[in-house]
Student: 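Just dropping this structure here.
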Amino acid sequence: MNKEKTRIGVLVSGGGTNLQALIDAEAAGIIRSGTIAAVISNNPDAYALKRAQNAGIKTFVIPRATPGDREVFERRLAETLDENGIELIVLAGFMCILSAQFTDARPGRIINVHPSLIPSFCGKGYYGLRVHEEALKRGVKVTGATVHFVNSIPDGGEIIFQKAVGVLPDDTPESLQLRVMREAEWKILPEAAEKVSESIQKEKNA
Ligand code: GAR
């Protein structure tokens, strides 16, 4: 029986704390059905690249200067994924929206972490710190994070895991972001990566 691990490609744009959580989870055996085989960034200055290099993971930079570059970007992205045999794409703080053409070609093979309880504070324009600013403005008392499959609707795919986090009276967008990461994102993203890796591995062996 083919017990080969699911090859995971992680797409990043910035600091890469979620990537670090994935790297640590693989080292700890929380991710055991998959292996991080490549890290791809649209931003050459992303600290996430350094985290990948420190862990001995292959890195690739595919810059995307303007929104009009999407076609070229996605062609190069698809080539890089294919050349590295990637079977599961994990968006971990990846700040570009992928086209319907790209997502429709990979159903059930792309997951994303979003820093709110979808369907609140999600969709186009809701990313990073902005999500927490809006949550505080609206005065919600509970927020959290969601890991979901990626389809052609931004943040619209099937939900895999969610975890709630309480908002404190003196929270700033920054303090809330950090707590949502610590208590929710860094836990549910590796758990979801394992769950989907395991199902892909089973599919390969069926
Ligand atoms: C994370 O909070 C992630 O959920 C969010 O950006 C941050 C990236 O941090 N992603 C989005 O908002 C996507 N819509 P990281 O680079 O340290 O993982």
Side-chain angles (χ1 to χ4, degrees), residues 8-26 30-31 36 38-55 57 59-62 64 67 70 77 89-99 102-103 110-138 140 142-165 167 171-193:
I8 302 170
V10 185
L11 270 54
V12 295
S13 299
T17 64
N18 278 289
L19 168 67
Q20 191 66 55
L22 291 164
I23 292 170
D24 294 347
E26 187 179 344
I30 294 164
I31 297 176
I36 305 168
V39 169
I40 303 168
S41 176
N42 63 305
N43 169 14
D45 301 321
Y47 185 69
L49 290 166
K50 182 95 182 100
R51 295 181 189 272
Q53 283 152 11
N54 288 343
I57 301 166
T59 59
F60 300 87
V61 175
I62 307 176
R64 202 183 133 188
R70 182 146 88 179
L77 176 60
I89 301 166
V90 178
L91 309 185
F94 181 63
M95 299 305 182
C96 309
I97 292 178
L98 295 164
S99 72
F102 189 93
T103 58
I110 313 174
I111 66 172
N112 177 50
V113 62
H114 183 77
S116 76
L117 294 175
I118 289 175
S120 292
F121 312 111
C122 68
K124 201 161 183 273
Y126 284 97
Y127 57 86
L129 205 57
R130 171 90 213 284
V131 177
H132 305 290
E133 284 165 359
E134 293 302 316
L136 288 178
K137 252 191 235 165
R138 188 63 185 82
V140 295
V142 176
T143 184
T146 303
V147 180
H148 62 93
F149 284 110
V150 174
N151 65 10
S152 59
I153 302 156
D155 298 321
E158 187 193 331
I159 291 170
I160 304 168
F161 290 132
Q162 286 189 307
K163 192 160 191 289
V165 175
V167 177
D171 261 329
T172 61
E174 289 79 8
S175 69
L176 185 57
Q177 179 182 49
L178 185 60
R179 217 167 51 258
V180 167
M181 284 175 155
R182 270 204 191 120
E183 293 181 13
E185 296 185 47
W186 300 342
K187 293 183 178 153
I188 63 172
L189 182 61
E191 286 167 7

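Starting from 1, each residue takes its place in the sequence as its number. Counting starts at 1 for both ligands and their atoms, following the listed order. Hydrogens, waters and symmetry mates play no part in the numbers below; they use all other heavy atoms, side chains included.
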Student: Are Phe60 and Val39 close enough that some pair of their side-chain heavy atoms sits under 4.5 Å apart?
Tutor: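 No, every pair of side-chain atoms sits at 4.5 Å or beyond.
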Student: Ignoring hydrogens and geometry, is there a side-chain-to-backbone donor-acceptor pair from Arg51 to Gly15 under 3.5 Å?
Tutor: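 The answer is yes, because a donor-acceptor pair under 3.5 Å joins these two groups.
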Student: For Ser13 and Asn43, test the side chains for any donor-to-acceptor distance below 3.5 angstrom and give the result as yes or no.
Tutor: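 There is no such pair (donor and acceptor under 3.5 Å, judged by atom type) between the side chains of Ser13 and Asn43.
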Student: Apply the side-chain hydrogen bond (donor to acceptor under 3.5 Å, both in side chains) test between Thr146 and each candidate in Lys163, Gln162, His114; give the one that qualifies.
Tutor: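 It is Gln162; the other options fail the test.
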Student: So which residues, sorted by chain and number, lie with a heavy atom under 4.0 Å of ligand 1?
Tutor: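 These residues qualify: Gly15, Gly16, Thr17, Asn18, Gly93, Met95, Val113, His114, Pro115, Tyr126, Tyr127, Gly128, Met181, Glu185.
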Student: Should the pair Arg130-Glu134 be classified as a salt bridge under the 4.0 Å nitrogen-to-oxygen rule?
Tutor: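 Salt bridge: yes.
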Student: Please assess His148 against Val150 for the test side chain to side chain contact (heavy atoms under 4.5 Å, CB included), listing each intermediate value before the final yes or no.
Tutor: CA-CA 6 Å; His148 62 93; Val150 174; 4.3 Å; yes
